[in-house]
Structures are given as C-alpha cells and as structure tokens.
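Down below is the structure, laid out as structure tokens.
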Amino acid sequence: MTTRNASPTPLTLLGLGDMGTALARAWLAAGHPLTVWNRTPAKAEPLVAEGAHVAPTVAEAVAAADLVVVCLLDDASVGEALAAAELAGKDIVNLTTSTPAQARERARWAQQRSARFLDGGIMAVPPMIGIPEAGGYVFYSGDHALFEQHRATLGVPAGARYVGTDPGHAALHDVALLSAMTGMFAGITHAFALMRPEQDVKPTAFAGMLTDWLRAMADMADGMAHQLESGDYTEGVVSNLAMMTTGNATLEATAEEQGVHGELLAPFMASMRERVAHGYGDEGLAGLVDLLRQR
Ligand code: NDP
C-alpha cells in the first residue's frame, strides 16, 4: 500500500462508493486523520476499524476538516449532498466525474459560498488507488494555491497532475483521454471480430500482436501534435491521407469477407474520404481535427 510520504493532514471525504472507499483506504493507510460521510451509512462501517471517523451528516463531516474531498456519483449528487453544508473557508476538492461546464459552474458555486475549489478527474480504477506502481493519477485544475497547499495529501491515493487554473480543464483532459480510449476500444473490437472465425488463431495469441502494434502506432499522436502547432499538416507525413483512404477499401473488403459489420470504423473512414475530397490527400490525420470542429 501507499508509503507514509505526506504530512498527516486531516481531511473529510464525502462518498464511499467503489472509488470513494478506495480513496479512504489510501489516506487511512498513509496515516491521515479521516472523517467520512456516505448517504448509505452502512458503507462507512468497515472503515471504522481502519481508523476513520464517521460523521452522521454532511454538515458535521464538512465541519470536521478544512480540506473536503467529494467523490459522489455525478455533479447533481454533489449539489444535492452539499446544499445545506456551511462551506465558507473550506477547500473543496471535487473528484466526482463531471463535464468541463459543470466543473466551471461548480467552481462559481463554491466561490459564492466563500470556499476555494479544485476539480479532479481520476485516471484510475479503484484497484489502482493507493498503489503508486499501478500508474494511476488524477488531473487537477482550478485554485492553484489550494493545489500547492494540499499537493502531498492529494498525491497519496494516486499521482497528482495539475493542468491549469481553468476549473474545467481537469474534466476536459479526463474526457479527452477517455474519448481516445473509446476509439481505441472500437478498433480492438473490430480487430477481434475479424479474427473470430479463425479457429487456428487464439485470441490470446492475437492480443499480444494487437497491443504491440497499438503501442507503436500511439506515437503518431506526437506527429499530429507538431502539425497542429505548426499549422503545416504535411510536416513529416509518412502515411498520407490519400494512401490511407485507398487502404481503407481493403479494410472494408476484408471486413465483408470475414462477415464483420464495418459500423465502428465507417464514420472515421468517411471523414478521411471527405478530407481527401476537399483536396488534402497529401496531409496526415491532423486536418481531421479541423474537419470535426467545422461541422
Ligand atoms: P459508485 O456508484 O460506487 O458510488 C456512488 C457514490 O455516490 C455512493 O457513495 C453513493 O451513495 C453516492 N451518491 C449517489 N447519488 C447520491 C446523492 N444524490 N446524494 C448523495 N450521495 C449520492 O461510484 P464510484 O465510487 O465508482 O464513482 C464515484 C465517482 O468517481 C464517479 O463520479 C465516477 O465517475 C468517478 N470515477 C470512478 C471510477 C471507477 O472505476 N469506479 C474511475 C474514475 C472515476 P450511496 O452509497 O448512498 O448510494
């Protein structure tokens, strides 16, 4: 579990779902005095033996510490749970998943209540919490002084990455990475579907090739980033859109041969074709970023 590398700042945690419970255990293991509250009180009971103090109401939980971490289901549950609590002078760190607009609005809401506010987007699943080598981390954005003051405490459950004073930026970084992951999973699903009828290729053997290939291709993101910054979408292109679009026909024909519906790849391929039709066949993929934003 986590080593005792942070000064034991007292804190309050609201929410003991799967993620909240994992967070609580990490702070308790690191020796932080912890007050917890959960709507369903039974979920707090196992933590008492680990040293948690259980508050019967949100108001009492918030009153127990200056640093209040919130990890509830969604933004609506945060508003509901904290509606009657006295937040003046508190440091609110909201780890509840929200949209950037919700996070910005929640920051204004906190400011109106004379509280400092930091939003967080957790890039980890509960078993990764409190285990540094698992590689999980949390994006933080909002009040920089709050982040600096509590950096060590916030770094106990998972690494802490501050991404700016705009309170919406943690959520935006979180969702951008999850969106990229979703597209990757679509590709993985399609690839397994192509291989599925082949009795002599075990999915476990194929998975190794798949992950090696995806890791190698992921570096393409750096090239796209350089093109987006320079504005020259032909810079360093080794696989241009015209070539890739021609290759897509082979991907589509193979899907048909293997009896696989192309619905997961079709929208992306259509965007590539559209960009080529607009005369940008010599570019890489960066121009698709503009195409998406023009729709
Ligand atoms: P759970 O569904 O396990 O827990 C939800 C928590 O929210 C419970 O404590 C629940 O209380 C509470 N809650 C729901 N509605 C209300 C309400 N109206 N008022 C008060 N409390 C309420 O979710 P997780 O713990 O897994 O997730 C919590 C947050 O962490 C979410 O925003 C999620 O997106 C985020 N997250 C989760 C990850 C995961 O893998 N689990 C990964 C990354 C982020 P009760 O026990 O009474 O139902």
Side-chain angles (χ1 to χ4, degrees), residues 2 11-28 34-48 50 52-64 68-87 90 92-107 109-110 113 117-132 134-142 154-161 163 167-182 184-185:
T2 312
L11 73 156
T12 283
L13 173 65
L14 307 179
L16 295 171
D18 293 336
M19 183 54 82
T21 299
L23 296 170
R25 292 212 152 102
W27 276 309
L28 289 168
L34 181 71
T35 299
V36 294
W37 171 86
N38 195 59
R39 181 181 60 177
T40 307
K43 288 189 189 166
E45 282 163 20
L47 295 172
V48 174
E50 296 172 43
H53 169 71
V54 181
T57 64
V58 173
E60 285 167 86
V62 170
V68 178
V69 178
V70 186
C71 188
L72 298 174
L73 184 63
D74 56 13
D75 183 65
S77 48
V78 175
E80 200 177 308
L82 284 169
E86 175 52 62
L87 301 183
K90 300 293 176 180
I92 309 295
V93 177
N94 187 20
L95 300 184
T96 307
T97 301
S98 52
T99 70
Q102 285 171 336
R104 288 172 187 134
E105 184 50 37
R106 194 54 67 197
W109 170 93
R113 287 158 181 76
F117 183 84
L118 191 67
D119 195 67
I122 304 173
M123 305 310 297
V125 291
M128 295 163 74
I129 297 298
I131 302 178
Y137 63 89
V138 180
F139 284 124
Y140 287 101
S141 69
L154 296 175
V156 167
R161 296 191 187 184
V163 287
H169 272 192
L172 185 56
H173 281 71
D174 182 346
V175 170
L177 294 195
L178 293 178
S179 300
M181 178 189 78
T182 301
M184 182 187 74
F185 285 157

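Start at 1 and go down the list; that is how both ligands and their atoms are numbered. One-based numbering along the sequence shown.
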Original post:
Does N38 use its side chain to pair, donor to acceptor, with the backbone of L16 at less than 3.5 Å?
Top reply: yes
Original post:
Minimum heavy-atom separation for V138 to G120, with atom names?
Top reply: CG1-CA, 4.1 Å
**OP:** Taking only heavy atoms of the protein into account, state which residues are under 4.0 angstrom from an atom of ligand 1, in chain and number order.
**Re:** G15, L16, G17, D18, M19, G20, W37, N38, R39, T40, K43, C71, L72, L73, S77, E80, T96, T97, I122, A124, V125, P126
Original post:
Between V62 and K90, is any pair of side-chain heavy atoms under 4.5 Å apart?
Top reply: yes
Original post:
Is the side chain of T35 donor-acceptor paired with the backbone N or O of A61 at a distance under 3.5 Å, no angle test?
Top reply: no
**OP:** Taking all heavy atoms of A103 and all of S98, pick out the closest pair and write down the distance.
**Re:** CB-OG, 4.0 Å
Original post:
What's the spacing between I92 CD1 and L87 CG if we round to 0.5 Å?
Top reply: 4.5 Å
